[in-house]
Amino acid sequence: MSALSAAGVGTSLRVQWHTGWKVVLGWVLGLFAVVLLTTSSITSLYDTPDKLRSYAETTTGPGMRVLNGVVAGTDTLGGAMVNELGFVMAFAVPLLAIALTLRGTRREEEAGRLELLLASRVGRQAPLLAAVALSLVALVGLGLLTALAFVVVGADALGALVYGAAVASLGAVFVGVSTVAAQAFGHTRSAWAASLTVALLAYLVRGAGAVDETWLLWVSPLGWYDKVAAFGEPRALPFVPSVGVALLLLVLALWLSTARDVGGSLVAARVGPHRASAGLVAPFGLALRDHRTVTLGWAVLTAVLMGTYGSLMQTVIDAIKGNPDLAAWLAGGEAGIVEPMAAMFVLLLALLVGGYVLQALGSLRKEEVSGRLELQLSEARGRVAWLTPHLVVITLGTLLVGGAGGLALAVSTAAALGDSSWIPTLLLASAQYLPVMLLLAGLSLALFGWWPRAQAAAWAVFGVAAVIGYMGPGLDLPSWLIEWAPFGLVGDVPAESLDVTGALVAGVFGVGLAGLGLLGFTRRDIPHR
């Protein structure tokens, strides 16, 4: 076991900032934009004490608590904004922490760049500490910007600062989780899966504890985030477990890093057979192996979340009925609440499936950067022959992820409402978003084919489209913008009929972009630097 060595932390930090500042700013400014949009919309929707009191009455139901947690002070402007941001921040902040931490640790180690850096006068633990420092700076920046956005629209300044601190401390816990995962697993993908599993469990445990405000809230990092009660009676005690657990996990990660070799991991990768099976040698079998873990992970995630949302359908509808203004905003009256809520959940499912599509296609670039693509193309195999099996597997994976989520939402909704007719309705609505998935896939493929270094820009388009699709009506964005944004092209199904024209536009553009991407892939250099 080697001793701890943090020499050269500054050098590591400069290297990580130089190579990743765009990613850091992208995460922080992207989430800040979501906060700004939310705060501006809430300010206009709830601009009187009476409206805020009415809003607060809708947040006391168990359904809302499972979705957004136990939010204190929802009869204030700040509390209402915290509640509206509850679902987004519960996933986005852990994702930010996991992405930035693993980027500076396991990903660099897996690529072999960490070994090169350690050959200089840089200590073994310096890159790990630099990644943690960069992630925490990003989280503190996000917390301060969030607090500023709250104050600008008129929320209580002290509450805004406390909430900003709660956001940063929530992220800090998942920075710690990611550092340990980076020591435990030898592949970035496995470390991501382990960290995301912890985030999902934290969300579910918080949801279970939030229904009756039980001790389970103290088991989840999201429960500590709720317990801060920024716009109720702010408490300092919940920061203790957040900061303490983050520090303990960091210390554990530093200690674990001394117990393994560079490039190794604590959980040994399974040793496979000496000879690959006939299926694995075939291009399709290899593609299936490459994507199966990610696909199964997304399928389980969508099924769990959609099953949870569907089971809460009746509860959420009851809560919304308590706010006539919100019911009217949804569909012009109480009679039309069910379909808009179902459409909102189907849209959430489409967002999840879209995330899977982009992540799966993004792995193609990783194959190229790692050098494995060159190695495979050195065989008697053309580029299209290499790419086609991957596209087939990702297409099947999209159907699996969407099908699992759609079925879970349909069955749980039908059970909650006592109406089995929702099963075919929601399954059909879920399938009607497939042209949008094709459009996203085509965009990612076109970038991979012609400008592979810019393939990640598809995520930026996805983010903007998600904000317009999910929050556009509440933000009073122009109807033409909502209808012609990617997720609006198919219409607000099942509350409305499928927009056949929009679906055809999405499908045709998707096919065209995919064809363009294939053409570019056959003509460009490999690897593309």
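All heavy atoms count here, side chains included; hydrogens, waters and symmetry mates do not.
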Point to revise | Polar side chain donor-acceptor pair, Thr38 to Glu84, under 3.5 angstrom | key: no
Review point. Any chance the side chains of Tyr356 and Thr398 put a donor and an acceptor closer than 3.5 Å?
Key: no
Spell out, as yes or no, whether a donor-acceptor pair under 3.5 Å connects the side chain of [X] to the backbone of [Y].
X      : Y      : answer
Asp226 : Val70  : yes
Arg124 : Ser257 : yes
Ser412 : Leu409 : yes
Gln455 : Leu361 : yes

Review point. Given Trp224 and Val245, is the side chain to side chain contact (heavy atoms under 4.5 Å, CB included) satisfied, shown in steps?
Key: CA-CA 11 Å; Trp224 308 332; Val245 168; 3.7 Å; yes
Exercise for review: Please work out which of the three classes, parallel, tilted or perpendicular, describes the rings of Phe487 and Phe462, given edges at 30° and 60°.
Suggested key: perpendicular
Review point. Between Tyr163 and Phe231, how do the two ring planes meet: parallel, tilted or perpendicular, split at 30° and 60°?
Key: tilted
Review point. In chain order, what residues pass the salt bridge (Lys or Arg N to Asp or Glu O under 4.0 Å) check against Glu108, with sequence neighbours excluded?
Key: Arg113
Check your understanding: Does CH2 belonging to Trp21 count more than 12 external heavy atoms closer than 6.0 Å?
Key -> no
Of all the heavy-atom pairs spanning [X] and [Y], show the shortest one and how long it is.
X      : Y      : answer
Val401 : Ala299 : CG2-N, 3.9 Å
Leu114 : Pro127 : CD1-CG, 3.3 Å
Ala138 : Leu96  : CB-CD2, 4.5 Å

Review point. Looking at residues at least two apart in the chain, or sitting in another chain, which of them share a side chain to side chain donor-acceptor pair (under 3.5 Å) with Ser135?
Key: Thr101
Check your understanding: Quick one: do Glu109 and Arg260 make a salt bridge, cutoff under 4.0 Å?
Key -> yes
Check your understanding: Going through the checks in order, is the side chain to side chain contact (heavy atoms under 4.5 Å, CB included) test met by Met306 and Leu348?
Key -> CA-CA 9 Å; Met306 289 301 114; Leu348 286 174; 4.1 Å; yes
